[in-house]
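Step one of this worksheet: look at the structure below.
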Amino acid sequence: MSLLYVPEGTPTKQALDSSEQAKSIFALEHGKIVYLPEESLSLHTEEAFLFSPQIKAGKAKNISYSPHAGKIKHTALTGVELNSLTLLLQRYADYASSLIANLFPLYVPHLTRGRTSFRPIEIAGRIPASYKKDDTRVHVDAFPASPTQGQRILRVFCNINPDKRPRVWEVGESFEQVATQFLPKVASYSSFQAQMLKIFKLTHSYRTAYDHYMLGLHDAMKKDVGYQTSVKKKQFDFPAGSTWIVYTDQVSHAALKGQHLLEQTFYLPPQIMLHAAQTPLYVLEKLLGRHLLVS
Ligand SMILES: [Fe+2]
């Protein structure tokens with residue numbers, strides 16, 4: 001069974017017909033990658049500064065733009081170039097939003113736009129600060145400082161590599177297979193600890209039991225070297241000039257190679273999923289036998 005779904009139509013230009021929308025949402029919510037091999041953000045000639053190694057500042061691997069603060073972080077650019085980068089990231093956020101609207105219009109009223117990022121660093125050969133930050137190991141997304149409180153993490157990626165190099169991913173087992181293996185290795189949730197994390201500002205918001213178990217899966221998967229080498233994985237090379245959309249909290253993935261990627265994060269409430277039994281929240285609650293969004 002293919003892990004990619006290529007919708008029929010041109011979602012960069014117009015809404016897909018309703019049967020194609022239904023097929024796309026079915027594929028996405030069942031843990032497939034919705035893949036648009038011919039769709040990409042068009043860059044302007046004056047945006048070639050993007051590919052200069054001088055663009056990034058500090059140790060962060062990504063340059064990110066927050067739509068709420070209207071600010072870019074981790075870039076060395078100033079003046080006119082900073083302004084151009086801001087406009088480019090805003091344009092990418094609009095491109096990603098219109099793709100979602102044309103593919104999955106049911107999501108639109110519930111969509112929260114998160115950060116837009118540009119990833120200018122080559123992944124291969126990069127030395128991560130710890131195994132937890134090593135995205136070449138298969139994992140599901142969960143972030144220690146940023147609880148989603150049950151919200152889904154939907155991401156739109158676009159490979160804009162100017163040398164036509166692919167973005168190389170591996171995709172592992174289903175979420176249920178991952179959760180079944182790794183939940184027993186995750187320590188029990190403590191609401192007291194979650195309150196302390198929030199009081200001491202180690203988390204941006206309250207870490208629910210759901211966030212705790214998601215983070216536990218993320219960390220346990222990456223830590224288990226035996227699992228990383230033995231788990232069945234399938235490699236995908238996403239060529240330059242392609243776009244793909246995926247629930248990264250559900251799909252077990254690793255990024256092995258590639259440079260120059262745009263990414264837009266969206267958040268969605270799990271209650272509006274059409275195929276709710278596939279959500280990480282449903283699967284974890286089923287396996288643990290309790291609700292995870294109450295403290
Ligand atoms: Fe990830």
Would you say the side-chain atoms of [X] pair up with the backbone N or O of [Y], donor to acceptor, closer than 3.5 Å?
{"X": "Lys232", "Y": "Glu173", "answer": "no"}
{"X": "Tyr213", "Y": "Glu285", "answer": "no"}
{"X": "Asn62", "Y": "Ser64", "answer": "no"}
{"X": "Arg115", "Y": "Glu263", "answer": "no"}
{"X": "Thr10", "Y": "Lys13", "answer": "no"}
{"X": "Gln278", "Y": "Gly31", "answer": "no"}
{"X": "Gln151", "Y": "Thr148", "answer": "no"}
{"X": "Gln250", "Y": "Glu29", "answer": "yes"}

To the nearest 0.5 Å, how far apart are [atom1] in [X] and [atom2] in [Y]?
{"X": "Leu215", "Y": "Tyr210", "atom1": "CG", "atom2": "OH", "answer": "11.5 Å"}
{"X": "His30", "Y": "Lys32", "atom1": "NE2", "atom2": "NZ", "answer": "9.5 Å"}
{"X": "Ser66", "Y": "Leu89", "atom1": "OG", "atom2": "CG", "answer": "11.5 Å"}
{"X": "Leu50", "Y": "His44", "atom1": "CG", "atom2": "NE2", "answer": "11.5 Å"}
{"X": "Tyr92", "Y": "Leu262", "atom1": "OH", "atom2": "CG", "answer": "6.0 Å"}
{"X": "Ser205", "Y": "Leu197", "atom1": "OG", "atom2": "CG", "answer": "11.0 Å"}

Mind checking whether [X] and [Y] have side chains closer than 4.5 Å, heavy atoms only?
{"X": "Pro7", "Y": "Leu36", "value": "yes"}
{"X": "Thr279", "Y": "Tyr247", "value": "no"}
{"X": "Arg155", "Y": "His253", "value": "no"}
{"X": "Gln149", "Y": "Asp211", "value": "yes"}
{"X": "Pro147", "Y": "Thr208", "value": "no"}
{"X": "Leu103", "Y": "Leu16", "value": "yes"}
{"X": "Glu81", "Y": "Thr75", "value": "no"}
{"X": "Glu39", "Y": "Tyr95", "value": "yes"}

When hydrophobic residues are tied together by side-chain contacts of less than 4.5 Å, even through go-betweens, does [X] share a cluster with [Y]?
{"X": "Val251", "Y": "Val34", "value": "no"}
{"X": "Leu287", "Y": "Met214", "value": "yes"}
{"X": "Leu288", "Y": "Leu281", "value": "yes"}
{"X": "Tyr267", "Y": "Leu154", "value": "no"}
{"X": "Leu274", "Y": "Phe266", "value": "yes"}

_Do the side chains of Lys23 and Glu8 get close enough for a salt bridge, i.e. N-O under 4.0 angstrom?_
no
Requested in this report: Please determine if Lys222 and Asp135 form a salt bridge, counting it only when a charged side-chain N lies under 4.0 Å from a carboxylate O.
Outcome: yes
With Gln259 as partner, the option from Arg167, Arg119, Arg165 fulfilling side chain to side chain donor-acceptor pair (under 3.5 Å) is Arg165
Looking at [X] and [Y], what are the two nearest heavy atoms and their distance?
{"X": "Arg126", "Y": "Ile121", "result": "CD-CG2, 3.8 Å"}
{"X": "Val140", "Y": "His218", "result": "O-CD2, 3.2 Å"}
{"X": "Tyr206", "Y": "Ser191", "result": "OH-CB, 3.3 Å"}
{"X": "Ile153", "Y": "Asp141", "result": "CD1-O, 4.0 Å"}
{"X": "Ile100", "Y": "Ile245", "result": "CD1-CG2, 4.3 Å"}
{"X": "Lys61", "Y": "Lys56", "result": "O-CD, 4.1 Å"}

Just wondering, are more than 12 heavy atoms of other shown residues or ligands nearer than 6.0 Å to [atom1] in [X]?
{"X": "Tyr282", "atom1": "OH", "result": "no"}
{"X": "Lys233", "atom1": "NZ", "result": "yes"}
{"X": "Glu38", "atom1": "CD", "result": "no"}
{"X": "His275", "atom1": "NE2", "result": "yes"}

- [ ] Given side-chain hydrogen bond (donor to acceptor under 3.5 Å, both in side chains), test Gln193 with Arg207 step by step and report yes or no.
- [x] CA-CA 9 Å; Gln193 190 188 40; Arg207 185 184 287 176; 5.3 Å; no
Residue pairs passing the ring-ring contact (aromatic ring centres under 6.0 Å, His included) test with at least one member in residues 50-77, sequence neighbours excluded, are Phe51-His260
Margin query: What verdict does the side chain to side chain contact (heavy atoms under 4.5 Å, CB included) test give for Met221 and Val231, after you've listed the backbone C-alpha separation in whole Å, the side-chain angles of each residue and the deciding distance to 0.1 Å?
Written below: CA-CA 10 Å; Met221 291 172 81; Val231 69; over 6 Å; no
Between Glu176 and Ser174, is the side-chain hydrogen bond (donor to acceptor under 3.5 Å, both in side chains) condition met? List the steps. CA-CA 5 Å; Glu176 183 146 4; Ser174 72; over 6 Å; no
Can Leu88 and Leu43 be said to form a side chain to side chain contact (heavy atoms under 4.5 Å, CB included), step by step?
CA-CA 8 Å; Leu88 169 73; Leu43 296 182; 3.5 Å; yes
Q.
Quick one, Ser19 with Asp17, criterion side-chain hydrogen bond (donor to acceptor under 3.5 Å, both in side chains). Give me CA distance, side-chain angles, the key distance, then yes/no.
A. CA-CA 6 Å; Ser19 80; Asp17 66 45; 3.2 Å; yes
Could you walk me through whether Tyr227 and Phe182 pass ring pair (Phe, Tyr, Trp, His ring centres under 6.0 Å), step by step?
CA-CA 10 Å; Tyr227 174 77; Phe182 286 99; 4.7 Å; yes
Side chain to side chain contact (heavy atoms under 4.5 Å, CB included) assessment of Leu284 paired with Leu217
CA-CA 11 Å; Leu284 292 181; Leu217 293 184; 4.1 Å; yes
Classify the angle between the aromatic ring planes of Tyr107 and Phe104 as parallel (below 30°), tilted (30 to 60°) or perpendicular (above 60°). tilted
key: Test item: side-chain donor near acceptor, Asp94 and Ser97, under 3.5 Å   = no
Result for ring-ring contact (aromatic ring centres under 6.0 Å, His included) between Tyr35 and one of Tyr5, Trp169, Phe238 points to Phe238
